[in-house]
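Okay, so here's the structure we're looking at.
Predicted, not measured: the structure shown is a model, and the values here were computed from it.
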Amino acid sequence: MRRKAIFPIIFVLLAISAGVIAGLAFFYLSDLPKIQALEEYRPYEASRVYSKDGDLIAEFYIERRNIIPFSEIPKYVKDAILAVEDVRFYSHPGLDVQGVLRALWADIKAKEIIQGGSTITQQLSKMLFLKPEKSLLRKIKEAIIAVQIERNYSKDEILNIYLNQVYFGSGAYGIEAAAQTYFGKSAKYLNISEAALLAGLPKAPTAFSPFKNPERAKQRRFHVLGRMVESGYIKEEESEKAEKSPMPTPPKGGFNKAPYFVEFIRQEMEGRYGHEVYTGGLNIYTTLDLKSQEIAEKALQKGLRVIDDRYKKRGVPVQGAIISIDPGTGYIKAMVGGRDFYESQFNRAYQALRQPGSAFKPFVFLTALENGFTPDDIIIDGPVSYPGSKKGVTWSPKNFSGDFKGPVTLRKAMAESINAVAVKLLDRVGVDNTIEYARKLGVKSELKPYLPLALGASDLTLMEITSAYGVFANQGIRANPLAIIKVTDRIGRILEKNLPFPDDILKPETSYLITDLLKGVIEKGTGWKAKALGRPLAGKTGTTNDYTDAWFIGYTPRLVTGVWVGYDDHRSIGSKETGSRAALPIWMDFMKEVLKDTPPEDFPVPEGIIILTEKGGKKAVLRDSLNKKSDKVSEPPTHIEIKDSPKKVDEAPE
């Protein structure tokens, strides 16, 4: 009777215990995520930046990941992962009982969690749904979620998600990013040795990194290859051959190519797409010509080193920038914003506002040509004074030579960069008119409405002045600077497409006359060194007071390039460091190399222009002006008051 009485009590106790256990399980496991979330699985994916020719030049990411289809992952990559992480993956239901018991026994002996024993499915459930804590409860949750995943997804789907999700170290998430990071190629081209090395990384990405711990990485690869042989995935001789492969080394110079250009693109894209730039897997196709970019970087580095060598005692290296644009399309082909992006991310090609010096003069001469002047009209190069902003104070523009040449043509004044003539001409044609033409050509920076503007006293950027010169190169047609051709989403759908929008700004005849004047700068003037390139060129030097800025902007019919040299703190580059000495050699090195396979091409002559041959060479004139006698002789200045006159303005000839 007593035994019969005990059974109900035991039953009640068991029922109560089961209820308590069930209640606790419900309480602790009620927050399990719904694995249906995998239906909308969209991991962070890096956006990729391509050059005009399709070369990968950079990636933007929070997690550097590029999704790759399961069909493009080689079999031995999958085999290597399975051999070292979960050899019974295709036979277990999400849990590997042998692995769990082995890990549990090790944990019991150590009295702490020291082994995982997790299957790939369990690892995936932890990566996607759980916090990375080591506890018995988390292991239970991990196991339950793994079983649910296995019931709803195929083995190939699970392995595919895992391979595109797992972290391989060095900022690489997923097998494709890992292959690119460590071997510089797509995962579909990995060999057995490379697959084995990558398969060994997820367990301890830093400890087994070939970049940080090559010997440990080599040992880990040996272990993975051994597991692949034991599991029947490869033969012994294949393993022995793979073991002899050298360890990968870190890429030199970082991953990103053209860092200043890439940062320019990043800022543009972030303004349009926000956070998606780093997570959405966008494909950004740019205008960059990688060969031109590399030439530009080398030319700038060489030129700045030459300047540094002239002043060996200086503690700060001089800075510079170069930008090259296709005037017909506006495509930015090369951009370098400084000598070292990793020391200074400030992009002097488009962020630095600097006085252009005499490089601004073509806008003054353009305004004159558009308002009835001809290149052969005469202005008196002589002393002149203008009222200043304070009573009794005057401003008198000086020439670099310290003397005056008397009557000179506009052609000669441009070639020799005569300051007094440029100021007188600006006085004649009007400051406001000149600013208006500069705006038409694309100059957006503030231009102060006073006569020192003729000498480049208002700050602007290298990009805007170079682009403006491109209008002269393109027969009066403006194409806005363009860096991004198109953007697609991760599956190739076009999100934006940017085409050049040419705009007729100047009459072709006027544009050609300016080009002819700027050809004279190279043939007979301050840019004479560029004649060594042996092809038709047009351009203008620029130098500011105290030699704080040196410029050269020049072009062929199909390429316009600008160079700036100076110090960020506006100190003097050095005595006589003019545009022709400091900036022009950089421009020449770039143009010589980038055009070496391009035959010389002269600027097309519009119908309204006639080329005359004189004793001093050839010159362009308007057909309609041949029988007209010029009356554009210099008159006394209008004495316009100079408001807010700068303390320093260009007095150099360039």
Side-chain angles (χ1 to χ4, degrees), residues 320-325 327 348-350 352-368 397 399-400 410 413-419 421-423 425-426 434-435 437-439 441-445 447-448 452-473 514-515 517-522 525-530 537-555 560-566 573 577-588 590-591 646 648-654:
I322 182 169
I323 189 168
S324 191
I325 301 173
R348 297 153 190 88
Y350 83 98
L353 286 163
R354 307 289 297 219
Q355 289 188 0
S358 292
F360 190 84
K361 288 176 181 174
F363 303 119
V364 179
F365 283 67
L366 164 66
T367 308
N399 293 327
F400 182 73
L410 299 192
M414 176 70 85
E416 298 183 13
S417 201
I418 300 175
N419 288 337
V421 171
V423 175
L425 191 60
L426 178 60
T434 300
I435 291 175
Y437 275 101
R439 294 280 181 249
L441 269 62
V443 176
K444 297 178 180 178
S445 296
L447 299 176
K448 298 292 181 63
L453 180 68
L455 308 182
S458 290
D459 296 340
L460 44 72
T461 68
L462 179 63
M463 178 188 282
E464 59 187 335
I465 194 172
T466 303
S467 176
Y469 273 51
V471 179
F472 306 146
I514 286 291
T515 292
L517 293 180
L518 295 177
K519 287 175 73 175
V521 172
I522 291 174
T526 56
W528 62 270
K529 294 176 185 175
L537 299 167
K540 185 72 187 74
T541 51
T543 311
T544 56
N545 201 51
D546 292 336
Y547 306 102
T548 57
D549 299 272
W551 304 72
F552 190 81
I553 320 295
Y555 56 91
V560 57
T561 302
V563 173
W564 168 84
V565 173
I573 304 169
E577 293 293 343
T578 61
S580 63
R581 191 182 192 208
L584 178 56
I586 297 171
W587 185 91
M588 289 176 61
F590 172 77
M591 295 294 275
K648 294 183 179 181
V649 295
D650 181 339
E651 303 293 358
E654 305 175 25

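- Under the 3.5 Å distance criterion, the side-chain polar atoms of Ser358 are left unmatched by any main-chain donor or acceptor of Lys361.
- In this structure, Arg354 and Thr548 approach most closely via the heavy-atom pair NH2-O, 3.4 Å.
- Atoms CD1 and OG, from Ile325 and Ser467 in turn, are 5.0 Å apart once rounded to the nearest 0.5 Å.
- Lys448 has its side chain out of reach of Leu453: every pair of non-hydrogen atoms, C-beta onward, lies at least 4.5 Å apart.
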Check your understanding: Passes side chain to side chain contact (heavy atoms under 4.5 Å, CB included), Tyr350 versus Ile323? Steps please.
Key -> CA-CA 9 Å; Tyr350 83 98; Ile323 189 168; 6.0 Å; no
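- Heavy atoms only, all atoms of each residue included: Lys540 and Tyr469 are closest at CB-OH, 3.3 Å.
- Of the possible polar contacts, none joining the Thr466 side chain to the Thr561 backbone as a donor-acceptor pair under 3.5 Å is found.
- Of all the heavy atoms in Ser324 and Phe590, the pair that sits closest is OG-CE2, 3.5 Å.
- Side-chain atoms of Asp459 come within 3.5 Å of backbone N or O of Gln355 as a donor-acceptor pair.
- Residue Thr434 holds its OG1 atom at 4.5 Å from CG of Leu426, rounded to the nearest 0.5 Å.
- Taking the side chain as every heavy atom from C-beta outward, Phe472 and Leu441 approach each other to under 4.5 Å.
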**Study point:** Arg581 vs Thr543, side chain to side chain contact (heavy atoms under 4.5 Å, CB included): CA-CA, chis, key distance, verdict
**Key:** CA-CA 10 Å; Arg581 191 182 192 208; Thr543 311; over 6 Å; no
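- Ile465 and Pro356 get closest at one heavy-atom pair: CD1-CB, 4.0 Å.
- The nearest pair of heavy atoms linking Pro362 to Ile514 is O-CD1, 3.9 Å.
- Leu462 places none of its side-chain heavy atoms less than 4.5 Å from the side chain of Arg348.
- In this structure Phe363 satisfies the ring pair (Phe, Tyr, Trp, His ring centres under 6.0 Å) test together with Phe360, sequence neighbours excluded.
- Thr578 places none of its side-chain heavy atoms less than 4.5 Å from the side chain of Thr541.
- With values rounded to the nearest 0.5 angstrom, Trp551 atom CH2 is found 15.0 Å from Leu584 atom CG.
- Under the 30°/60° scheme for interplanar angles, the aromatic rings of Trp587 and Phe552 are found to stand perpendicular.
- The backbone N or O of Lys444 lies less than 3.5 Å from a partner atom in the side chain of Glu464, making a donor-acceptor pair.
- Closest approach of Ile522 and Leu537 over heavy atoms only: CD1-CB, 3.5 Å.
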